[in-house]
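As structure tokens, the structure follows; a few thoughts come after it.
Residue numbers begin at 1 in each chain, while the letters A, B, ... track the order of the sequences.
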Amino acid sequence: MSDKIRFQILDASYEVVEGEPRIVLWSRLDDGRKAVMLYKGFRPYFYALLDENANVNEVVGKIRRLSKPKSPIISVEPVTKRYFGRPAKALKIVTVIPEYVREYREEVSKIEGVKEVLEADIRFALRFLIDKNLYPLRWYEARASERNVKWYRVDVVYEIEEDPKEVIGGERADPLDGLSIMAFDIEVYSPQRSPDPSRDPVILIGLQFNDEDPIILEAEGKGDASLIKRFVDIVLEKDPDIIVGYNSNRFDWPYLLERSKINGIKLDVTRRIGTVPQQSVYGHISVPGRLNVDLYDFAEELHEIKMKTLEEVADYLGVMPKDKRVNLEWWQISEYWDDISKRPILKKYTEHDVISTMGLAKKFLPFGAQLSQVSGLPLDQVMAASVGFRLEWRLIREAFKLNELVPNRVERREERYTGAVVLQPLKGVHENIAVLDFASMYPNIMVKYNVGPDTIVRPGEDYDPQNVYEAPEVRHKFRKEPDGFFRRVLSRFLEWRRNIKSEMKKYSPDSPEYRLLNERQKAIKVLANASYGYMGWSAARWYCRECAEAVTAWGRNLIKSSIALAKSMGLKVIYGDTDSLFVKYEKDVVEKLIEKIEKELGFEVKIDKVYKRVFFTEAKKRYVGLTVDDKIDVVGFEAVRGDWSELAKETQLKVMEIVLRTGNVEEAINYVRKVINDLKERRVPLEKLIIWKTLTKRAEEYETDAPHVAAARIMMKLGYRTYPGMKVGFVVTKGSGKVSDRAKPYFIVKQNEIDVDYYINKQIVPAALRILGYFGVTEKRLKSVGGKQKSLLDFFG
DNA sequence: ACTAGGCGGGG
DNA sequence: GTGTACGCCTAGT
């Protein structure tokens with residue numbers, strides 16, 4: 001009684017039932033029902049790479065004798081594979097229970113004649129997806145029969161009876177269409193200290209399902225047992241396919257799990273009865289049957305903004321403007337909870353956080369879904385994994401198709417090599433500057449010169465000088481033939497992307513088709529662009545330092561030639577970094593330059609953006625620009641960090657903005673003077689002066705007195721518990737002696753005790769001078785009394 | 001110059 | 001779960 005079933009794979013896992021592994025494909029059907037698709041015949045395996053002169057029969061016999069009854073070795077079969085492009089003799093060893101692979105691989109690697117054990121560390125569920133060529137979020141079809149399994153919280157369970165085939169045209173559907181999303185956010189009660197789940201309860205949980213109104217659950221009193229129970233009930237009732245949070249993998253989930261344990265509750269929110277969310281690969285939390293996605297992982301890749309707080313990211317993306325929401329600092333939360341009259345504001349704050357989170361999900365998930373479909377990693381893992389892993393999992397799939405053995409991960413020391421060209425910028429403010437970018441420069445270099453660990457000529461190897469590409473400067477050589485692993489994979493990526501881009505032209509930019517294709521081409525671009533960095537990443541399976549070195553050498557050569565071309569055409573070059581050039585925007589000349597670079601150097605260049613005004617320091621990789629669409633790009637300024645006072649951060653940003661928007665340094669100086677004046681007249685709220693630092697060990701263990709340590713010691717005397725990892729908020733007060741003698745916990749200090757001079761000299765002035773220093777502004781000038789009160793001394797100073 | 005170790009986001 | 005992030009920054013030598 002089997003039927004043809006159409007299903008979309010959401011996630012894959014496995015479990016061992018009655019001594020046999022079964023693959024669990026968490027899926028949905030084309031009628032919208034949620035399903036588990038089981039696959040029972042798949043078995044774990046790995047390879048033993050053999051020495052040239054190994055006695056195959058002898059090795060096979062030794063391996064067979066390792067077999068244990070609990071997970072017998074069911075076959076040991078000689079296979080001819082390829083390893084780094086060359087034919088290789090290997091044995092494929094198949095067993096039953098995935099966990100036993102770890103044991104067998106140790107024993108097999110010790111057998112004489114076995115050079116290396118390979119592919120023994122590929123997770124079983126992914127192994128299945130790779131071998132059957134299945135990708136998460138794509139649609140498949142297979143004959144399957146219904147099964148009666150009680151422990152899955154889905155509408156129906158099927159057992160698949162043949163290898164699934166991809167549904168033709170399935171890639172045109174939006175993979176997320178019809179999947180339900182839950183956004184959530186928790187608040188905890190921790191007055192004047194870092195939250196500690198062993199002590200501090202959860203007080204509020206905000207939830208939102210798709211476009212429904214947010215739900216705010218509130219604790220009763222100071223216990224949170226009933227709150228967490230209600231949370232579990234709602235999740236089970238609403239049964240979301242995707243759960244999103246912001247930094248939820250490292251805060252909300254671990255916190256909820258710990259609180260549940262303390263309260264003796266099971267955080268029973270999964271689709272597999274009897275399991276709870278669990279720490280998994282790449283630091284993500286796995287919620288069986290649901291896709292748990294931490295949106296912070298996406299935000300990390302927004303290089304345009306420095307502070308990746310939920311509030312900033314939501315504001316930047318237009319999801320929730322800062323001035324239209326309740327803004328609270330985390331240390332105010334307990335105060336707003338205790339004060340019943342302020343509690344509605346706190347609840348509004350949670351509501352705005354959860355709406356922001358859902359808004360970010362709508363922005364980010366379409367890209368995540370494409371990256372999942374392209375890389376082959378499930379959506380909940382793909383964003384938690386670094387770019388290297390995302391590419392690597394796709395490479396493993398390509399290797400499987402090419403009958404190539406996958407190299408092991410090896411621990412290596414980091415080896416340095418020469419990187420890209422970074423020009424010395426012309427410091428100062430420049431008007432009307434075009435930024436030219438080479439399109440996928442490194443992947444194109446890799447394809448053009450057939451770069452890779454399987455094509456490189458190793459020292460001592462023979463080669464035909466006519467038949468190799470030689471990199472400038474470093475002189476590494478790569479065989480022109482045959483096509484290497486990376487050339488094969490990358491040229492297909494680049495072609496795939498070109499095809500998508502030309503298909504996009506058929507649609508209007510605001511159509512769903514266009515948006516889907518655009519996210520897909522971005523996902524392919526991310527993987528392609530990761531390939532160079534991947535080869536230079538010491539943990540990469542296909543690591544090749546010389547390859548990475550050769551790529552940057554070709555890149556330097558390319559950019560230097562382009563600069564020479566620009567100069568020969570009379571264009572002023574302001575700055576250049578890796579694959580970009582900043583030139584004076586003379587439209588006609590720039591267009592001619594682009595043409596020339598393509599014709600003479602064979603690489604594609606485009607205008608990435610145009611700055612109305614851009615300000616360079618003499619430091620490389622550090623500039624601020626005002627784009628033609630009126631956005632401020634801050635690149636490389638590090639003063640805007642968590643351990644500066646809010647006032648210093650604010651001042652620096654404001655100074656940048658004034659300098660760029662008005663070009664008026666004088667106005668920026670006046671702004672800083674106004675801040676200094678506000679400080680002197682004690683008009684700056686105390687909370688803007690708090691400096692937060694983390695205790696890295698117990699306060700008693702510090703030998704020297706750092707200010708935050710001194711503040712922590714005062715807190716201990718007052719009866720507060722302090723501990724490693726805790727953030728201590730302190731302010732610097734008036735008096736004599738070292739700064740650390742005058743640092744006090746912020747909540748015991750009154751406004752008039754503040755050491756104004758400290759904040760002027762160590763916070764405001766340095767932050768402002770990071771910018772204004774380049775305009776010849778001195779500390780003295782910032783501190784002199786501005787405008788009408790200018791003294792004679794200022795003129796002679 | 002180097003290494004070791006903390007930090008980010010969250011509250 | 002056939003597993004355990006990463007890259008930047010600073011403090012300390």
Side-chain angles (χ1 to χ4, degrees), chain A residues 13-16 21 43-47 71 93 95 97-106 117-128 185-197 200-204 245-256 278-284 286 288 294-300 306-313 328-334 336-337 346 349-350 353 357 381 383-390 406 408-409 413-414 416 533 537-539 636 638 641-643 692-697 703-704 706 724-727:
Chain A
S13 54
Y14 79 95
E15 51 190 308
V16 178
R43 293 291 175 267
Y45 67 86
F46 61 97
Y47 295 101
S71 176
I93 299 146
T95 183
I97 310 294
E99 287 86 339
Y100 274 78
V101 168
R102 204 189 296 144
E103 233 168 276
Y104 285 134
R105 83 172 161 211
E106 296 308 318
V117 169
L118 293 170
E119 305 197 19
D121 58 351
I122 294 175
R123 301 190 312 266
F124 188 54
L126 272 172
R127 175 88 267 175
F128 174 79
D185 178 44
I186 69 169
E187 314 296 340
V188 310
Y189 184 80
S190 59
Q192 289 150 7
R193 59 198 178 198
S194 304
D196 175 353
D200 303 326
V202 180
I203 46 180
L204 290 171
Y246 197 81
N247 207 27
S248 50
N249 281 338
R250 274 188 285 177
F251 184 75
D252 303 65
W253 282 119
Y255 207 95
L256 280 175
Q278 212 187 349
Q279 177 94 32
S280 178
V281 280
Y282 316 126
H284 96 287
S286 152
D294 186 342
L295 299 170
Y296 173 66
D297 294 330
F298 291 83
E300 259 190 320
K306 197 105 193 127
M307 297 285 266
K308 272 116 184 167
T309 57
L310 174 59
E311 176 191 283
E312 291 291 336
V313 174
L328 287 180
E329 295 296 330
W330 64 264
W331 43 267
Q332 296 175 297
I333 285 170
S334 303
Y336 276 67
W337 175 257
L346 179 62
Y349 166 80
T350 303
D353 268 2
T357 305
Q381 291 174 36
M383 292 314 298
S386 65
V387 283
F389 283 110
R390 292 174 200 162
V406 176
N408 282 326
R409 296 177 69 83
R413 275 184 63 85
E414 214 69 53
R416 311 224 119 252
W537 175 38
S538 64
E638 74 289 81
R641 286 168 35 122
D643 51 2
W692 295 96
K693 283 242 161 86
T694 308
L695 285 183
T696 56
K697 44 191 177 182
E703 286 180 18
T704 49
M726 174 187 181
K727 273 197 179 147

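- Aromatic ring pairs are classed by plane angle as parallel below 30°, tilted from 30° to 60° and perpendicular above 60°; the pair Tyr255(A) and Phe251(A) is tilted.
- Spacing between atom OH of Tyr246(A) and atom C1' of dG9(B) amounts to 6 Å, rounded to whole angstrom units.
- Map Glu300(A) and Ile333(A) each onto its nearest nucleotide of DNA chain B; the residue landing nearer the 5' end is Glu300(A).
- Considering all non-hydrogen atoms of both residues, Arg127(A) and Glu119(A) come closest at NH1-OE1, 2.7 Å.
- Within 4.0 Å of Asp121(A), counting heavy atoms only, lies at least one base atom of the nucleic acid.
- Considering every non-hydrogen atom in both Tyr189(A) and Asp200(A), the closest pair reads O-CB, 2.9 Å.
- Side-chain proximity of Arg105(A) to dG9(B), dT2(C), dT4(C): nearest is dT2(C).
- Regarding Asn408(A), its CG atom lies at a distance of 14 Å from the C1' atom of dG3(C), rounded to whole Å.
- If you look at Tyr282(A) and Phe389(A), their ring centroids are closer than 6.0 Å.
- Counting non-hydrogen atoms under 4.0 angstrom, Tyr14(A) reaches the backbone sugars and phosphates but no base.
- Contact check, Ser386(A) against dA5(C): no side-chain N or O comes under 4.0 Å of OP1 or OP2.
- Atom CD of Glu187(A) and atom P of dG9(B) are 18 Å apart (whole Å).
- Across all strands shown, Asp185(A) has heavy atoms under 4.0 Å from sugar-phosphate atoms exclusively, and none from any base.
- For Tyr296(A), taking side-chain heavy atoms from C-beta onward, the closest of the listed nucleotides dG9(B), dT2(C), dG10(B) is dG9(B).
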| DNA chain B base-pair string [pairs: Watson-Crick or G-U under 3.5 Å; |: paired with another strand] | ||||||||...
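- Residues Val101(A) and Asp121(A) are not in side-chain contact: their nearest non-hydrogen atoms beyond the backbone lie 4.5 Å or more apart.
- Checked against dC6(C), dG10(B), dT2(C), the side chain of Leu310(A) finds its nearest nucleotide in dG10(B).
- Not counting sequence neighbours, the partners of Arg409(A) by the salt bridge (charged side-chain N to carboxylate O under 4.0 Å, His left out) test are Glu392(A).
- For Glu312(A), the salt bridge (charged side-chain N to carboxylate O under 4.0 Å, His left out) partners two or more places apart in sequence, or in a different chain, are Lys322(A).
- Residues Val188(A) and Ile186(A) form a side-chain contact, since some pair of their non-hydrogen atoms from C-beta on lies under 4.5 Å apart.
- Comparing atom distances between the Arg250(A) side chain and each of dT2(C), dC6(C), dA5(C) picks out dA5(C) as nearest.
- Using a 4.0 Å cut-off, no side-chain N or O of Tyr282(A) falls inside it from OP1 or OP2 of dC6(C).
- Considering only side-chain atoms of Phe389(A), the nucleotide from dT2(C), dA5(C), dG9(B) that sits closest is dA5(C).
- Remark: P of dA5(C) and NE2 of His284(A) are 14 Å apart, rounded to the nearest angstrom.
- Ranking dC6(C), dT2(C), dG3(C) by closeness to the Trp537(A) side chain, first place goes to dC6(C).
- Counting non-hydrogen atoms under 4.0 angstrom, Leu126(A) reaches nothing in the nucleic acid.
- Proximity of a side-chain donor or acceptor of Asn408(A) to a complementary backbone N or O of Val117(A) within less than 3.5 Å is detected.
- In this entry the distance linking CZ of Arg123(A) with C1' of dT4(C) reads 10 Å, nearest Å.
- Asp353(A) has its CG atom 8 Å from the P atom of dG10(B), to the nearest Å.
- Heavy atoms of Ser190(A) sit nowhere under 4.0 angstrom from any nucleic acid atom.
- The gap from the C1' atom of dG7(C) to that of dG9(B) amounts to 15 Å, rounded to the nearest Å.
- The separation of dA5(C) from dG6(B), taken at their P atoms, amounts to 16 Å, rounded to a whole angstrom.
- In terms of phosphate contacts, Arg102(A) brings a side-chain nitrogen or oxygen within less than 4.0 Å of OP1 or OP2 of dG3(C).
- Atom-to-atom, CG of Leu256(A) to P of dG10(B) comes out at 16 Å; the value is rounded to the nearest Å.
- One atom, CD of Glu329(A), and another, P of dG10(B), lie 10 Å apart when rounded to the nearest Å.
- Among the nucleotides dT2(C), dA5(C), dC6(C), the one closest to the side chain of Arg127(A) is dT2(C).
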